[in-house]
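Below you'll find the structure, written out as structure tokens, and then a few comments.
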Amino acid sequence: MNPYTNQSSELFGNAEYIKATENAPEFSYHDPLPFFRKEFRIEKSFEKAQILVQAPGFAKFYVNGTNITEDIFISATSDYDKILWYNTYDVTELLHQGINVLGVITGNGFFNESFQTGWDFDIAPWRDAPQFILCLRVDGEIVAVSDESWKCSRKKSHILFSHLRSGEYVDMRKYDPAWLTENYNADDWQSAIVRSKPITAKFCPTVCQPIRECERITPIAVKSAKDGAFIADFGKTISGYAEITVCEPCGTELLFWYAEELDENDLPKHNGMNKKNFYRHTPFQHCRMIASGKTDTFKPSFFYGGFRYLRIEGMKHPPKNLCAIFTHQAVERRSEFECGNAVLNYIYNAGIQSTYSNLFWCLTDCPTREKLGWTNDAQASMEQTLINFNIVPLLEKWYEDIKASMFADGSLHGTVPAPDWPWGHACGPVCDCFLYEMPYRVYLYTGKTDMLTEGLPLFERYIAFLEKKIAENHEFILGDWMSSDIASSELKAMIAKLYLLKAYDITAFAHKITGRTPSHWEKKAADWRDSLCAQYISANGECNLSMQTAIAMLLAFRIGKDCDILEKQLLNIIERDGYQLRAGMVGFQYIYHVLSDIGRGDLAYRLLIETEPGYKTWFSHGETTLWEEWNGENRGSHNHHMYSGVISWFFRSLLGISPSEEAPAFEKIKLKPVFIESLKYAKGTMDTARGKIEADWKYQNGEFIYSVTIPKGISAFFKGKQLTVGQNIFKISLSEI
């Protein structure tokens, strides 16, 4: 039976997925990655050659010994039973008339993770041996495809073990690049095995930026540890891997331990991320190399980690040719920000660093423990990523994965893409409402409507699921994660109900922009607002949950008959809490913006710079990224992006730049900066869909000087006055604030 669809035949001709073993090997520390090769002849001169490739567990592709691309970790991650992302490359310059050689190394990735973790990738329904499909066309004619005529070998592979979330082992004594060249003797190689499992997924062209080696970083220090190992400090925490060139005696074994922190004995301090409930077999962020006796260069092919430090064991002399390579989606920056407070500057720069560290075919939670696309983290930081990065192509790719991940009952998985691990689809709307957040924010910042319109059927299916669960008083797993009120079932239930309102509002809005009548959904939203008001607003007009998150969200969602009373209650509770932020990853998305909206941006600023544990804690610790937990010195990841969401407040409030539903993509904006005397100054640029906006203010001689540069195509207003194209300068006295 032919397992391939008409779609794959159209794209890849008669190519087939091929592999080196019939089944996925069970876990072993000796599990070599397979090499594949194919010699073929081009009979005549040609003008253009293109190769289409897809490898669900990642692969490297070579033509005549040269890697076909600078891209790494191809192909993109997905639920491999639903979507297979493929790539097309121009290889005209790599081919020649006569004999040519194609070579492929396949990895495991998330497709064939053989070791047990808490996320069940080892029993994923798609799991199979490493494989790929390939089609090479020259001047439009197929000249080579992946099929059983290819030769493959695991015995000849120098990559003895490789797992994306564990590490990679290589034996450089076996390294022989000749296998990629003409006339190599492959008599002892076996014939490739054709995949027999039917293809159920659709093939999609990769629409987003590739992952690449984006920065090379030399150590700021290399020291000897107490036990003789060497410790390299690269000065900042990143995602990626190290590259080292050595000349060690043949058979010397070098061990490489990646770590965000070190303990007092110069050993990796993993803060519990390597516990057995996460990684039940393999070492955590660990690579090794056996030297050939010649000059060897080693960097992992299909592993990356999160680290600042590299501990090297087995060398007698300090490493000289060593660098860290920062790998992530090659996404361009769009904005810049700076102000007069060191903590806020730390938040901005660390937020950028943490976001880059978590761009791996989606927005991951961390580059260390999980590398998973947690949608609650992404919902928390969505707006700042749109402000600071050309992120839309990656979001478009990820949105397809999210749509494909919806279960039959309308529920969603908390991590996308992922197999159905035990509680992954019980996280609740703190994760699931990213389904609405992403397309809505993309619309605001770019004016693109396709995500909203294409998402409508899923919006409505999810609403039916969430309505049912709320009616059953179901308690979801996630609430205000990392807040002081995290254990409150009442707050968790309230958050779920407010997110249902969010789903109603955005569904109604999506209907409106398609030209449909949204009255059904508008009525649902209005009725639900009334219901929430009855549930959570006491007779005196106050919220009956005396918590920062609860009141901030009620104000943000416009619930309550007298906002003045709720505003006063929020200010009183912040005072009660000693002017310390007590909200977690849900509440902090709302509280800063709400405080600005009620004229207390100064209080939002105070919470940011004074709360401990909080951003100030991380800054004082000398961090270059954001942590997973406020009080996370001895636990969790130190490279999470979820708390970067407050950066949107820097632009919307401190600089005053914000888009609107009525005029998306900054067609028309009302500048509402927050001036804070003690901050002294704030400045930044935002490269919008209609050009770059520059804004800055500074306090001097008892007044604020606010300068805004507006490009052509944006109508901007400040205090009712329309600005001209170019620079506009205003002076505001303290009495006017």
Side-chain angles (χ1 to χ4, degrees), residues 12 15 17-20 31-39 49-77 84-91 93-95 100-112 129-136 144-146 150-164 167-172 174-181 184 186 189 192 206 210-214 240-243 287 289 296-304 325 327-330 360-361:
F12 293 95
Y17 276 97
I18 58 174
K19 51 188 179 176
D31 183 16
L33 294 185
F35 288 3
F36 299 82
R37 72 185 310 273
K38 169 76 173 180
E39 292 192 15
Q50 280 191 325
I51 192 168
L52 274 70
V53 298
Q54 207 291 318
F58 307 133
K60 290 189 172 184
F61 299 90
Y62 299 87
V63 173
N64 294 321
T66 300
N67 196 322
I68 66 170
T69 177
E70 296 179 20
D71 303 352
I72 56 177
F73 295 111
I74 51 176
S75 301
T77 58
L84 292 166
W85 297 100
Y86 68 89
N87 296 70
T88 304
Y89 295 101
D90 188 315
V91 291
E93 299 302 318
L94 302 180
L95 293 167
N100 292 266
V101 181
L102 289 170
V104 180
I105 305 174
T106 52
N108 290 307
F110 288 119
F111 182 68
N112 178 39
Q131 58 195 253
F132 72 96
I133 190 170
L134 172 155
C135 178
L136 174 64
V145 295
S146 52
W150 284 59
K151 294 292 186 179
C152 62
S153 177
R154 291 185 356 127
K155 291 182 179 180
K156 296 294 183 179
S157 175
H158 69 287
I159 307 175
L160 307 182
F161 172 88
S162 177
H163 276 288
L164 177 70
E168 193 162 294
Y169 307 163
V170 298
D171 186 345
M172 299 306 292
K174 300 183 70 174
Y175 178 69
D176 180 11
W179 73 275
L180 292 168
T181 60
Y184 175 80
W189 288 42
T206 304
I211 298 173
R212 287 190 172 170
E213 296 182 347
C214 295
Y241 40 73
E243 179 182 87
C287 294
M289 182 191 81
D296 298 316
T297 297
F298 169 54
K299 64 180 177 182
S301 294
F302 302 110
F303 156 80
Y304 81 99
I325 301 176
T327 67
H328 54 75
Q329 222 83 32
F360 191 87
W361 297 122

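A quick note: this is a predicted structure, and the numbers were derived from the prediction, not measured.
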> Given the rule in the side-chain contact (heavy atoms from CB on, under 4.5 Å) test, do Asp31 and Arg154 qualify, once you have shown the distances and angles that lead to the verdict?
Replying inline: CA-CA 8 Å; Asp31 183 16; Arg154 291 185 356 127; 2.7 Å; yes

>> Centre-to-centre under 6.0 Å for Tyr89 and Phe61, is that the case here?
In response: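 Judged by ring-centre distance (under 6.0 Å), Tyr89 and Phe61 do not meet the cut-off.
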
> Ring centroid separation for Phe110 and Trp361, is it under 6.0 angstrom?
Replying inline: no

> Going by the angle between their ring planes, with limits at 30° and 60°, are Phe58 and Phe360 parallel, tilted or perpendicular?
Replying inline: perpendicular

> Using the ring of each side chain (for Trp, its six-membered ring), is Phe36 parallel, tilted or perpendicular to Phe132, with breaks at 30° and 60°?
Replying inline: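 The arrangement is perpendicular - the two ring planes meet at more than 60°.
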
>> Please determine whether side-chain contact (heavy atoms from CB on, under 4.5 Å) holds for the pair Leu102 and Ile51, giving the CA-CA distance in whole Å, both sets of side-chain angles, and the decisive distance to 0.1 Å.
In response: CA-CA 11 Å; Leu102 289 170; Ile51 192 168; 4.1 Å; yes

With the side chain counted from C-beta on, respond yes when [X] and [Y] share a heavy-atom pair under 4.5 Å apart, and no when they do not.
X: Ser301; Y: Ile105; value: no
X: Phe73; Y: Leu164; value: yes
X: Phe298; Y: Cys287; value: yes
X: Tyr241; Y: Glu168; value: no
X: Asp176; Y: Lys156; value: no
X: Val170; Y: Met172; value: yes
X: Tyr17; Y: Leu84; value: yes
X: Ile68; Y: Val63; value: yes

> Are Ile72 and Glu213 close enough, and set up right, to give a side-chain contact (heavy atoms from CB on, under 4.5 Å), and what steps lead you there?
Replying inline: CA-CA 8 Å; Ile72 56 177; Glu213 296 182 347; 4.1 Å; yes

For [X] and [Y], indicate whether the former's side chain and the latter's backbone hold a donor-acceptor pair under 3.5 Å.
X: Asp171; Y: His158; answer: no
X: Arg37; Y: Lys151; answer: no
X: Asn108; Y: His163; answer: no
X: Ser146; Y: Ala15; answer: no
X: Gln131; Y: Pro56; answer: no
X: Thr327; Y: Arg212; answer: no
X: Lys60; Y: Gly103; answer: no
X: Gln50; Y: Leu136; answer: no

> Does atom NZ of Lys174 have more than 12 heavy-atom neighbours, drawn from other residues, nucleotides or ligands, at distances under 6.0 Å?
Replying inline: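 Result for NZ/Lys174: enclosed.
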
>> Run the side-chain contact (heavy atoms from CB on, under 4.5 Å) test on Asn87 and Val53 for me, step by step, so that the C-alpha distance in whole Å, both residues' side-chain angles and the decisive distance to 0.1 Å come before the verdict.
In response: CA-CA 5 Å; Asn87 296 70; Val53 298; 4.1 Å; yes

Could you state the interatomic distance from [atom1] ([X]) to [atom2] ([Y]), rounded to the nearest 0.5 Å?
X: Ser162; Y: Phe303; atom1: OG; atom2: CZ; answer: 9.5 Å
X: Thr77; Y: Trp85; atom1: OG1; atom2: CH2; answer: 10.0 Å
X: Lys38; Y: Cys152; atom1: NZ; atom2: SG; answer: 12.5 Å
X: Asp90; Y: Thr69; atom1: CG; atom2: OG1; answer: 11.0 Å
X: Trp150; Y: Leu134; atom1: CH2; atom2: CG; answer: 5.0 Å
X: Ile74; Y: Thr206; atom1: CD1; atom2: OG1; answer: 8.5 Å

Looking at [X] and [Y], what are the two nearest heavy atoms and their distance?
X: Ser75; Y: Ala55; value: OG-N, 3.0 Å
X: Ala20; Y: Pro34; value: CB-CB, 3.6 Å
X: Pro177; Y: Tyr175; value: CD-CE2, 3.7 Å

